[in-house]
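Read the structure below first, then the notes.
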Amino acid sequence: MERIGWKGRIVDCGRTVREELREPTRALRQAIPEVYRGYGALHDAALASGALDTKTKELVALAIAVSKECDGCIAAHAHAAVQEGATPREAAEAIGVAFLMNGGPATVYGARAFAAFEQFHAEHADT
């Protein structure tokens, strides 16, 4: 689902970002597979349910992605948060914490993150 944003432009901060990164990521993964295996293990361990459930951890990751101004991270963690059952209200509140911690730049990347989350949420609801 695409949204019409500022000045009538289509806003797609989720699916398109993931698609644009797919091939370059695949090429880099083939060049340094051991690094990706190590990162994958770290990813899985960090996001595994424990004292915090995986949904909460994905929302934390989404807020950090906003603070780091990383479109690829935003797309990945917005999608994962939806898959874990996060609601738009939960995503918005997590993004609000990023505003607190990062100031003005977070308002730009926060909007991107919320647009990506809503896109994935709408797609998930359609399935």
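Numbering starts at 1 and runs along the sequence shown. Computed from heavy atoms alone, side chains included, the values below leave out hydrogens, waters and symmetry copies.
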### Summary
The complete set of salt bridge (Lys or Arg N to Asp or Glu O under 4.0 Å) pairs with one or both residues in residues 31-59, sequence neighbours excluded, reads Lys55-Glu90
Quick one: pull up [atom1] in [X] and [atom2] in [Y] and give me the separation to the nearest 0.5 Å.
| X | Y | atom1 | atom2 | value |
| --- | --- | --- | --- | --- |
| Arg26 | Arg22 | CZ | CZ | 7.0 Å |
| Cys70 | Tyr109 | SG | OH | 9.0 Å |
| Gln83 | His121 | CD | NE2 | 10.5 Å |

### Query
Tell me the ring-ring contact (aromatic ring centres under 6.0 Å, His included) pairs involving residues 59-99, sequence neighbours left out?
His79-Phe120
### Pairwise ring-ring contact (aromatic ring centres under 6.0 Å, His included) hits with a residue in residues 49-68, at least two apart
none
Given 3.5 Å as the limit, does a donor-acceptor pair link the side chain of [X] with the main chain of [Y], or not?
| X | Y | answer |
| --- | --- | --- |
| Thr107 | Gly104 | yes |
| Thr54 | Leu47 | yes |
| Thr25 | Leu21 | yes |

Nearest heavy-atom neighbours spanning [X] and [Y]:
| X | Y | value |
| --- | --- | --- |
| Phe117 | Ala86 | CZ-O, 3.3 Å |
| Ala63 | Ala94 | CB-O, 3.4 Å |
| Ile74 | Ala113 | CG2-CA, 3.3 Å |

[X]: hydrophobic cluster co-members (side-chain, 4.5 Å):
| X | value |
| --- | --- |
| Ile32 | Leu28, Val35, Tyr36 |
| Leu59 | none |
| Val60 | Ile64 |

### Task
Could you give me the CA-CA distance, side-chain angles and deciding distance for Val66 and Asn102, then say whether side chain to side chain contact (heavy atoms under 4.5 Å, CB included) is met?
CA-CA 8 Å; Val66 169; Asn102 205 47; 5.8 Å; no
### Query
Taking the side chain as C-beta and beyond, is there a heavy-atom pair between Cys73 and Lys68 under 4.5 Å?
no
